[in-house]
Amino acid sequence: MMRLGAFLLTLVTMASCATYHSPARETWGTYLRGASMTDMTEMSRVAKRPVYLGAGGHLVTATENTAADYGDKIANDNAAALNYMARLEYALYDALRMPGISVQRAGTDVMIIMVRDALMELDVADISAAGDAALNTIARILREYDATFIEIAGYTDAMRDPAAARTLSLDMAKRVAVYLAQHKINTARMFIVGRGSTRPIAAQDDIGRLTNRRVEIRLAPAR
């Protein structure tokens, strides 16, 4: 009995320490069914709202339970969204104190910026051990704060071929989205885009290039 117990403990330990690998690319469409391959704009969120609600999503106002019999409904809903997103921002900030990852506020939205080297293997297009740990933490928080839409956008540094840059950036974004889908994040919440070398956040020198290669996760309240 003791030997069996030790064997089972070893299996559990090995499973918990197993290296994550992205599934085969040809299966990504199955994982990402329900996600939108477009920018997350106000119009696209409105269009996606019925699909999101039909897939089990719910709104910030329902989550916050702040319905009031007095005051302006729009103002009350805005206050509920601000409170919800503020708590989400603090939860992410406290949990993601890792090199190469930052959490920022952009109006009502919350941004997670992850440079490529903090997320993926250096010489292989796959999630690294550090990236696995970070994305697992993000998935856990997003399961808790699930009244949000999620835009996952990939970026590269400056490249001579804009088409190749868009392809590479979309690969990074999809790889992150697949990871989140595998970790029980509703794909009806997701917008996935590859923006190539557009919107650099640093100079295009040797150091700046490392910063411009990144994945940004933008979270917006569902309402």
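Positions are given from 1 along the sequence.
- Checked by atom type and distance alone, the side chain of S169 pairs as donor or acceptor with a backbone atom of G196 at under 3.5 Å.
- Here the side chain of S128 pairs a donor or acceptor atom with the backbone of L119 at under 3.5 angstrom.
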Full working for side-chain contact (heavy atoms from CB on, under 4.5 Å) between M85 and R105: CA-CA 9 Å; M85 298 305 288; R105 191 71 171 270; 4.1 Å; yes
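- Under the 4.5 Å side-chain criterion, counting only non-hydrogen atoms from C-beta, L168 is in contact with M159.
- Here the side chain of R175 pairs no donor or acceptor atom with the backbone of M120 at under 3.5 angstrom.
- Qualifying side chain to side chain donor-acceptor pair (under 3.5 Å) partners for T187, counting only residues two or more places apart in sequence or in other chains: none.
- Counted by atom type alone, T30 and T27 present zero donor-acceptor pairs between their side chains at under 3.5 Å.
- At least one donor-acceptor pair closer than 3.5 Å links the side chain of R116 to the backbone N or O of E121.
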Run the side-chain hydrogen bond (donor to acceptor under 3.5 Å, both in side chains) test on Y155 and R195 for me, step by step, so that the C-alpha distance in whole Å, both residues' side-chain angles and the decisive distance to 0.1 Å come before the verdict. CA-CA 5 Å; Y155 297 87; R195 296 198 176 110; 2.6 Å; yes
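- For the pair N186/D146, no side-chain contact is recorded, criterion being any heavy-atom separation below 4.5 Å from C-beta on.
- When only modelled atom types and interatomic distance are considered, N212 and R199 share no side-chain donor-acceptor pair under 3.5 Å.
- R213 has no carboxylate O lying under 4.0 Å from a charged side-chain N of D117, or vice versa, which leaves the two without a salt bridge.
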When you look at S44 and F191, which way does the side-chain contact (heavy atoms from CB on, under 4.5 Å) test go after all the steps? CA-CA 9 Å; S44 64; F191 298 81; 3.5 Å; yes
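- Here the side chains of M98 and T137 are in contact, with some heavy-atom distance below 4.5 Å.
- The closest side-chain heavy-atom distance from V115 to P99 is not below 4.5 Å.
- For the pair P23 and Q182, the minimum side-chain heavy-atom distance is below 4.5 Å.
- Considering only heavy atoms from C-beta on, M111 comes within 4.5 Å of E216 through its side chain.
- Here the side chains of L219 and L142 are in contact, with some heavy-atom distance below 4.5 Å.
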Determine, stepwise, if the pair R166 / T156 fulfils side-chain contact (heavy atoms from CB on, under 4.5 Å). CA-CA 8 Å; R166 285 193 298 272; T156 67; over 6 Å; no
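- Annotation: side chain of L180 is in contact with side chain of I152 (closest heavy-atom distance under 4.5 Å).
- With W28 contributing its side chain and D171 its backbone, the two residues share no donor-acceptor pair below 3.5 Å.
- A donor-acceptor contact shorter than 3.5 Å is absent between the side chain of R143 and the backbone of I185.
- Aromatic ring orientation, F149 versus Y52: tilted (interplanar angle from 30° to 60°).
- Checking side-chain atoms of N136 against main-chain N and O of D132 turns up no donor-acceptor pair under 3.5 Å.
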